[in-house]
Amino acid sequence: MALGSAPAKIILFGEHAVVHGIPALAAPVSALRARAEAVPAAHPGVRIYAPGFADALPADLDSNEVDNALAMIVRLVLREFDLTAPALDIHLQSDIPVASGMGSGAAVAAATARALCESVGQAIDPEILNRLVYEVEKLHHGTPSGIDNTVIVYEKPVFFIKGDGPKPLTVGKPFQLAIGDTGNPSSTRAAVAAVWALYDQDRVGVTARFEAIRQLVLSARSYIEAGTPDDLGGLMTKNHALLRELTVSSAELDRLVDAALQAGASGAKLSGGGRGGIMIALVNDATRDRVTKALQNAGAARVVTTEIR
Ligand code: PMV
């Protein structure tokens, strides 16, 4: 038996703008993971068993349908290393909410690739894995920036610019975030396309917002590296306001952000693709429980706290 796993992720600052070349900051959430278990099978070829799919997925299907994203990573790995498909069952399991801005698709793909490589004794370095998972992300997202696969494969906080290699983000002093899940899945592909459409309509207005987000990302990076995370709160709330103006918030996200702020969080914003999915709030030992309760009372389907370190 061979095991592979990969974490969830959150975007701290800069989602959407990152697709248009602005830097962004993201961090792994190691407590929430996708796991893949590969076991030798009696049948030829690779089959994938995933929750939500009644039947096993034959991984040698040669199609790029979205439903086939799970199989695609298997084909990419086999092709990359010139391997013939082993006789294998891959069982997937994940704690990460799907279509919620936490990188579920990238984490499942990374976990699958790791279990497959492990089962055939093939080493896979992070640079190759990152490139292959990015191919799968394109199937999910259309024009992904590459931030999800990068933070998930390296499992480290990153300062990310589309098209550049991963740059580590050094966390001077750990800080806590409460992650509130609206429970509403949302298509990142559709939200990214909506921002493109807005950009085509109003280049000047949208560019001004992207530039404002750039300044927030750069300030946030300095505070995180300098070990003054308490200063991040105001930047988060400003980033949320700009994302609202880019039309990627929702009534539920706004409600959770307001509830967190009223309960004493020093900042809050949606995180990831938006229009559903998750939001994050900056908390500490004194505010964590109150903010968690307020998020639950405001309708969060799930609240998880995480430490960024
Ligand atoms: O996968 P999500 O929902 O966390 O979205 C990724 C962040 C975006 O900036 C919206 C898209 C991208 O490709 O960077």
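Every number for a ligand or one of its atoms is a count from 1 in the order of the listing. Model, not experiment: these values are computed from the prediction. The basis for the numbers below is simple: all heavy atoms, side chains too, and nothing from hydrogens, waters or symmetry mates.
- Within the listing of ligand 1, atoms 13 (O) sit less than 4.0 angstrom from a heavy atom of Pro144.
- Looking at atom 11 (C) of ligand 1, its nearest protein heavy atom turns out to be Val19 CG2, 3.8 Å.
- Checked by distance only, ligand 1 and Gly101 come closer than 3.5 Å through their nitrogen or oxygen atoms.
- Separation of atoms CD (Glu37) and OG (Ser5) is listed at 12.0 Å; rounding is to 0.5 Å.
- The nearest heavy-atom contact from the protein to atom 7 (C) of ligand 1 is Ile11 CD1, 3.4 Å.
- Ser94 places none of its side-chain heavy atoms less than 4.5 Å from the side chain of Arg35.
- Within the 4.5 Å cutoff, the side chain of Val133 has no heavy atoms near those of the Leu76 side chain.
- Between Lys167 and Asp164 there is a salt bridge, since at least one side-chain N of the basic residue sits less than 4.0 Å from a carboxylate O of the acidic one.
- The protein non-hydrogen atom at the shortest distance from atom 3 (O) of ligand 1 is Thr188 OG1, 2.7 Å.
- Near Glu15, meaning under 4.0 Å from one of its heavy atoms, ligand 1 places the atoms 9 (O).
- Taking a 4.0 Å cut-off on heavy atoms, Glu137 fails to register as neighbouring ligand 1.
- Ligand-side atoms of ligand 1 in range of His141: 1 (O), range being under 4.0 angstrom from any heavy atom.
- Using bins of under 30°, 30° to 60° and over 60° for the plane-to-plane angle, the ring pair His91/Tyr49 lands in the parallel bin.
- Between the CZ atom in Phe13 and the OH atom in Tyr223 there is a gap of 10.0 Å [rounded to 0.5 Å].
- Some N or O of Ser145 is nearer than 3.5 Å to an N or O of ligand 1, by distance alone.
- Of all atoms in ligand 1, numbered sequentially from 1 with element shown, those under 4.0 Å from a heavy atom of Ile147 are 14 (O).
- The residues Glu155 and Lys9 are annotated as not salt-bridged, no charged nitrogen and carboxylate oxygen being separated by less than 4.0 angstrom.
- Nearest heavy atoms, Leu70 versus Ile48: O-CD1, 3.3 Å.
- For a threshold of 3.5 Å applied to N or O pairs, the pair formed by Gly272 and ligand 1 contains no separation below that value.
- To the nearest 0.5 Å, atoms CG (Leu218) and CG (Leu216) are separated by 9.0 Å.
- Near Val18, the atoms of ligand 1 lying under 4.0 angstrom from a non-hydrogen atom of the residue are 9 (O), 14 (O).
- From the protein, the heavy atom lying nearest to atom 1 (O) of ligand 1 is Asp148 OD2, 2.7 Å.
- Distances from atom 4 (O) of ligand 1 to the heavy atoms of His16, Lys9, Arg189 show the closest one on Lys9.
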